**Student:** 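Let me give you the structure first, and then I'll get to my questions.
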Amino acid sequence: MEKIWKLIYSRVFIVIVLMAVTVLSILWLVGSAAAYIPAFLSIMQLFSIVVAVSIINRPMNTSFKLTWVLFVIGIPIFGALFYFILQSNIETRRYRKNFQKQAQRLREYSRTSEKVLKALAKEDKEQLKLANFLSQYVGYPLHTNTDAVYFPTGEAKFAALLEELAKAEHYIFMEYFIVDFGYMWDSILDILKEKAAQGVEVRFMYDGMNSLSTLPYQYYKTLRRYGIKAKVFSQIIPALSTVQNNRDHRKIAVIDGKVAFTGGVNIADEYINKKPRFGYWKDAAIMIRGEAVANFTLMFLQMWNYDEKEETGDLTYLKSHKDLEKETIEAEGYFLPYGENPFDGDEVAKRVCLDMIQSATEYIYIMTPYLVLDDEMIDNLTYAAKRGVEVRLLLPHIYDKKTAYLAARTDFPVYLEAGIEIYEFQPGFVHSKVVLVDDKKATVGTVNMDYRSFYLNFECGLYIYNHSTVLAAIKEDFEASFRKSQRINLMTFHKTYSWYKRLGGALMRIISPLL
């Protein structure tokens, strides 16, 4: 009973109730209009047809089109009206305009130097395709003069982060999807408060979803009282808007423009196994030093200024990177930090993964908590296996979400029949987002292999080419994780996966593009 009352008085429950009131009000208005205006139903049916046709003709992923058309046709009149309200939302247009403005403003800092391009052309001309796309069309340059350290656990990343934060002299920029009270956040916050008191500029940004579950609604004001510049990205409000489905899923920390972190590790105790959840929490992260840090600075500033009405002096942070480029870092390889923005239409994270899959000749290793792919990604993965590439997928044995478990298994027969190897990490939950190909290239970041990461969220990652030390560390992590995993075969899968789970998975698969 105590849990029920706690739920009723929670912010989540209040938001859901208010959203339900909004939806029911729309239904009531539609029903009232139909009762008093005889021609209303005919007009709305015609409107539904027009909406369905417009969806089919929109430049949108086929899976999204199918889901929306089913929704519009399956729930006559209301489905079309609901879609129209969401898609015509003023807030969505404002966000898109602001992000485009930010990207244009920072364009001069997004070109790869000719020196780097010429060096890459000598090593591998094929790599120029991805580098040109990310630099010329998206705005993330390729870098050398950079080194990296890969962390196969959240604990290792946390220890390195604390060490680097303590060294900060000028500024600290942090952007995280989840922040929760506990040992991890307390340890970080103590350093941030200390640095702010010393005159170091500290900026901290977190996603608005935290306001529903982990943090007080106006926690950013508490941080500001400590001298920390704090912002919340897109607070959750009880209103119909597609923007509220676009979350800031990034995990970025930049210190003095010299060091940057990214990966799957959020700021909560389960990520460093201080609080048990779903067995052992397997995560991964990476730290870089050198020129490539500039891309993470650029990404952070784009998000920080998304709601600024006037121009700020933040360009000085990017200009200061030019001085840092004079510092030589003896390291091999190429580094390309990139960001995914759901409002630019470029599907950057997906393009990076596709480029890696299509270029593979020996093996493709993928570590991800969620596996819900569209037809294009499935076709490329299965074709890679059929043409002789060893394809291995590392997934959790214990899932944090039942819906993700059901949706992922819907396509298991397709993968297994194509020769793809599927492994489930027996100690617990895999939250790492890592792809490794042919001992030559890898990406580590926040991108899950699902619709939400590829199409709906703000994400980030680090693409690495030809850095033998880092790539070897990533491969070692994969091999160690495979040894702790159970391989799934087709016969076992069919015997253990019941019909009702198949049905649930099939239903989840249909609506997954919108979740």
Side-chain angles (χ1 to χ4, degrees), residues 59 61 103 106-146 148 262 286 288 291-292 294-296 298-299 331-342 344-366 373-391 433-445 447 449 453-455 459-468 470-471 474:
N61 180 272
L106 300 171
R107 202 68 181 170
E108 64 177 291
Y109 302 96
S110 61
R111 299 292 182 187
T112 303
S113 74
E114 287 298 319
K115 181 182 177 181
V116 173
L117 290 174
K118 286 178 181 178
L120 181 60
K122 288 181 180 180
E123 286 191 43
D124 187 349
K125 283 187 177 180
E126 285 296 308
Q127 286 297 302
L128 288 174
K129 296 176 182 177
L130 183 61
N132 285 334
F133 166 67
L134 289 171
S135 176
Q136 295 180 21
Y137 291 95
V138 185
Y140 299 111
L142 178 72
H143 294 277
T144 53
N145 201 31
T146 302
T262 192
I286 198 160
I288 61 170
E291 291 181 14
N295 288 32
F296 284 113
L298 185 148
M299 269 183 254
E332 60 181 340
Y334 299 82
F335 295 83
L336 210 169
Y338 60 89
E340 171 63 55
N341 179 345
D344 63 12
D346 282 316
E347 298 168 10
V348 176
K350 180 183 173 182
R351 297 294 169 203
V352 171
C353 287
L354 279 175
D355 188 88
M356 295 176 72
I357 292 167
Q358 291 166 352
S359 65
T361 58
E362 297 176 21
Y363 71 83
I364 301 166
Y365 292 168
I366 296 173
L373 303 176
D374 62 17
D375 291 341
E376 185 180 17
M377 288 293 293
I378 292 173
D379 286 346
N380 275 275
L381 267 180
T382 53
Y383 177 60
K386 290 174 182 177
R387 61 185 168 84
V389 176
E390 181 187 26
V391 181
K433 301 95 164 52
V434 186
V435 182
L436 176 67
V437 171
D438 293 349
D439 292 343
K440 291 182 179 179
K441 58 194 79 171
T443 182
V444 181
V447 182
M449 300 292 282
S453 280
F454 287 146
Y455 297 101
E459 304 279 1
C460 65
L462 173 67
Y463 178 79
I464 308 148
Y465 176 71
N466 235 13
H467 190 295
S468 58
V470 174
L471 294 172
I474 294 172

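Bear in mind that the values here come from a model prediction, so they are computed numbers and not experimental data.
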**Student:** Just how far is it from atom CD1 of Ile357 to atom CG of Asp379, taken to the nearest 0.5 Å?
**Tutor:** 11.0 Å
**Student:** I need the Tyr363 OH to Asp438 CG distance, nearest 0.5 Å.
**Tutor:** 6.5 Å
**Student:** Only one of Ile286, Val470, Thr443 clears side chain to side chain contact (heavy atoms under 4.5 Å, CB included) with Leu462; which?
**Tutor:** Ile286
**Student:** Could you check whether Asp355 and Tyr463, counting side-chain N and O atoms only, form a donor-acceptor pair closer than 3.5 Å?
**Tutor:** no
**Student:** I need the minimum non-hydrogen distance between Met449 and Phe454, along with the two atoms involved.
**Tutor:** SD-CZ, 3.8 Å
**Student:** Is Val348 close to Asn341 at the side-chain level, that is, under 4.5 Å between some pair of heavy atoms?
**Tutor:** no
**Student:** State whether the side chain of Glu340 and the backbone N or O of Ala349 hold a donor-acceptor pair below 3.5 Å, judged by distance alone.
**Tutor:** yes
**Student:** Please report the shortest heavy-atom distance between Cys460 and Met299, naming the atom on each side.
**Tutor:** CB-SD, 3.7 Å
**Student:** Check whether more than 12 heavy atoms from other residues, nucleotides or ligands sit under 6.0 Å from atom NZ of Lys440, and answer yes or no.
**Tutor:** no
**Student:** Could you tell me whether the side chains of Tyr465 and Glu123 share a donor-acceptor contact shorter than 3.5 Å?
**Tutor:** no
**Student:** Any idea which heavy atoms bring Tyr140 and Gly339 closest together, and the distance?
**Tutor:** CE1-N, 3.3 Å
**Student:** Does Tyr383 reach the side chain of Gln358, with side-chain heavy atoms less than 4.5 Å apart?
**Tutor:** no
**Student:** Walk me through it: do Leu117 and Leu128 pass the test side chain to side chain contact (heavy atoms under 4.5 Å, CB included)?
**Tutor:** CA-CA 7 Å; Leu117 290 174; Leu128 288 174; 3.9 Å; yes
**Student:** Check the side chains of Ser468 and Glu332 for a donor-acceptor pair under 3.5 angstrom, ignoring hydrogens and angles.
**Tutor:** yes
**Student:** Where do Glu376 and Leu354 land on the side chain to side chain contact (heavy atoms under 4.5 Å, CB included) test, with the steps shown first?
**Tutor:** CA-CA 9 Å; Glu376 185 180 17; Leu354 279 175; 3.7 Å; yes
**Student:** Under a 4.5 Å cut-off applied to non-hydrogen side-chain atoms, are Tyr338 and Glu459 in contact?
**Tutor:** no
**Student:** How far apart are the closest heavy atoms of Ala131 and Leu336, and which atoms are they?
**Tutor:** CA-CD1, 4.1 Å
**Student:** In Å and rounded to the nearest 0.5 Å, what is the SG to CG distance from Cys353 to Asn380?
**Tutor:** 11.0 Å
**Student:** With rounding to the nearest 0.5 angstrom, report the CG to OG1 distance, Leu120 to Thr144.
**Tutor:** 10.0 Å
**Student:** Once rounded to the nearest 0.5 Å, what's the spacing between atom CZ of Arg351 and atom CG of Leu134?
**Tutor:** 11.0 Å
**Student:** Between Phe335 and Asn295, is there a side-chain heavy-atom distance shorter than 4.5 Å?
**Tutor:** no
**Student:** Quick check: do Leu381 and Ile366 have side-chain heavy atoms less than 4.5 Å from each other?
**Tutor:** yes
**Student:** Would you say Ile288 and Pro337 make side-chain contact, with heavy atoms under 4.5 Å?
**Tutor:** yes
**Student:** Test your reading of the model: is there a side-chain donor-acceptor pair from Thr112 to the backbone of Ser135, 3.5 Å cut-off?
**Tutor:** no
**Student:** Quick one: CG on Asn132 to CG on Leu142, what's the gap to the nearest 0.5 Å?
**Tutor:** 9.5 Å
**Student:** For a quick test of reading the model, state the closest non-hydrogen atom pair linking Ala384 to Val391 and the distance between them.
**Tutor:** CB-CG2, 4.2 Å
**Student:** State, yes or no, whether a side-chain contact exists between Val444 and Thr262 at a heavy-atom distance under 4.5 Å.
**Tutor:** no
**Student:** Do you know the tightest heavy-atom contact between Asn145 and Glu291?
**Tutor:** ND2-OE2, 3.1 Å
**Student:** Looking only at side chains, do Lys441 and Ser359 share a donor and an acceptor under 3.5 Å apart?
**Tutor:** yes
